[in-house]
Amino acid sequence: SSPDVRTVDVVVIGAGQAGLSTAWALARQGFAPESDFVVLDADDAPGGAWQHRWPSLTVGTTHRVHDLPGLPFEPDAGNPRAADAVPAYFARYERRFELPVHRPVRVSAVRRTDDDRFRVETDSGDWIARAIVNATGTWTRPFVPRYPGQEFFRGRQLHTVDYRSARDFAGQHVVVVGGGASATQLLVEISTVTSTTWVTRRPPVWREEPFDEDAGRRAVAMVEEAVREGRRPGSVVGVTGLLVSTPYIRDGLDRGVLDRLPMFDRITEDGVAWDPADGHEGRFIAADVILWATGFRAAVNHLAPLHLRGTGGGIRMDGTHVAGEPRIHLVGYGPSASTIGANRAGQAAARQLRRVLKEPGELPR
Ligand code: FAD
């Protein structure tokens, strides 16, 4: 039998911070839940990527999870796990605003139709939409760089998405790769139960003072410029550096576990190796585990049939929409890949979609 085909104005793909803020804003802009717009989410339960975060990531150790519009995030006292508290909040949010979230529904492809709409293909039938908002985040696309010899390593290699507990590594030497918040957090944690080595491509940027709003804006502006030019978006956090006064960083510095080595050149069967160069001798460190805390890419493979990617490796953007296509929005992408950024972008996208879809003749800003 042929799958159901349903017709709406807007399909939102993904129900994390980005998808939920967009859904809330679409309802405010006069789009009727279910008949005018739906949210399709691949996960079994509310929470976006937060439901999959490692258990030791608590509300207190996140940077900060900003409120979704219209309902404050009020986690229980006692520093609960982010993987419990945020999904509980999102579930409440979806109910409170009666958001039309369909799950689990995985979008496999989005294509243009002959009459210039979009066919959203899923494992639960298809939707036809006049516009789409992609809010699929990055969690499903962990990025692991390639190094010579990697395939011969006999130990365990894992990405942060697969990390569960430091105890899993007791008695093993762990090499942590990456210079961001995940790398440092996990390094400090793992070093309490076993020996570690930290390697990063560039020396970490230590920051004495909390990041002020101005510096935050400058960081976001840099990523904004990258996506306007169609380059691959870097992470906003990558620009902000690591705050020395953060308790876990302080602890790591005090215990000397945050002394980093430059990136190794090769992986062997039983460790990582640096070639001799520039007057430095070669070096080898035996390892049982390589933990790749090397970030993510945007989860946009299902958009491939739309041919959005340019020669710069990214998608050229104009605000929250694809340049030249005000009916395809990417929320939580590039400069809006933070909880606060996703909030703002969701609302901007919904306002623009009202103008584009409900006020014919008006050109988008
Ligand atoms: P997600 O939360 O990843 O949601 C995407 C949703 O899309 C998921 O529900 C998924 O099921 C769905 N989806 C994906 N693909 C498909 C598909 N093909 N079809 C249908 N549905 C699909 N940011 C902050 O602002 N503060 C923090 O403290 C913070 N801490 C972080 C800690 C870690 C360890 C990491 C990795 C990131 C952190 N971030 C933080 C960044 C954070 O991920 C984003 O700010 C934000 O939560 C991402 O929201 P999102 O809605 O874009 O994506």
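Bear in mind that the values here come from a model prediction, so they are computed numbers and not experimental data. Read the numbers this way: they start at 1 and go in the same order the structure lists the ligands and their atoms.
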Neighbour count above 12 (heavy atom, 6.0 Å) for [X] [atom1]:
X    : atom1 : value
R92  : CZ    : yes
R201 : CZ    : no
R354 : CZ    : yes
R112 : CZ    : yes
E34  : CD    : yes

Heteroatom proximity flag, [X] to ligand 1, N/O under 3.5 Å:
X    : result
Q17  : yes
A42  : yes
A49  : yes
V107 : yes
R53  : yes
H66  : no
T339 : yes
D41  : yes
S182 : no

Do Q347 and R351 pass the side chain to side chain donor-acceptor pair (under 3.5 Å) test, and can you show the C-alpha distance, the side-chain angles, and the key distance before you say yes or no? CA-CA 6 Å; Q347 293 173 67; R351 275 195 303 275; 5.2 Å; no
Measure [X] to ligand 1 on non-hydrogen atoms and call it side chain, backbone, both or neither using the 4.0 Å cut-off.
X    : result
A18  : both
A15  : backbone
T160 : neither
V105 : backbone
W54  : side chain
A82  : neither

Report, in ascending order of atom number, the atoms of ligand 1 lying under 4.0 Å from any heavy atom of S338.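 Every atom of ligand 1 under 4.0 Å from some heavy atom of S338: 25 (O), 45 (O).
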Who's the nearest protein heavy-atom neighbour of [atom], and how far?
atom                    : result
atom 11 (O) of ligand 1 : D43 OD2, 2.7 Å
atom 53 (O) of ligand 1 : G137 CA, 3.5 Å
atom 47 (O) of ligand 1 : W50 NE1, 3.2 Å
atom 26 (N) of ligand 1 : R64 O, 2.8 Å
atom 16 (C) of ligand 1 : T136 CG2, 3.5 Å
atom 7 (O) of ligand 1  : G14 CA, 3.2 Å
atom 28 (O) of ligand 1 : H63 N, 2.8 Å
atom 4 (O) of ligand 1  : G16 CA, 3.5 Å

Would you say atom 20 (C) of ligand 1 makes contact with the protein, given that contact here means a non-hydrogen protein atom less than 4.0 Å away?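 Given the 4.0 Å cut-off, atom 20 (C) of ligand 1 counts as touching protein heavy atoms.
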Check this for me, if you would: do [X] and [Y] make a salt bridge, where the nitrogen-to-carboxylate-oxygen distance has to be below 4.0 angstrom?
X    : Y    : result
R164 : D168 : no
E121 : R106 : no
D270 : R154 : no
E94  : R96  : no
E151 : R146 : no

So if you build clusters from Ile, Leu, Val, Met, Phe, Trp, Tyr with side-chain heavy-atom gaps below 4.5 Å, do L291 and Y248 land together?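 In one cluster with L291: Y248, yes.
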Between R309 and L303, is there a donor-acceptor pair closer than 3.5 Å when you use the side chain of the first and the backbone of the second?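 Side chain of R309 to backbone of L303: no pair is present.
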Any side-chain heavy-atom pair of T268 and F153 under 4.5 Å: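 No - every pair of side-chain heavy atoms lies 4.5 Å or more apart.
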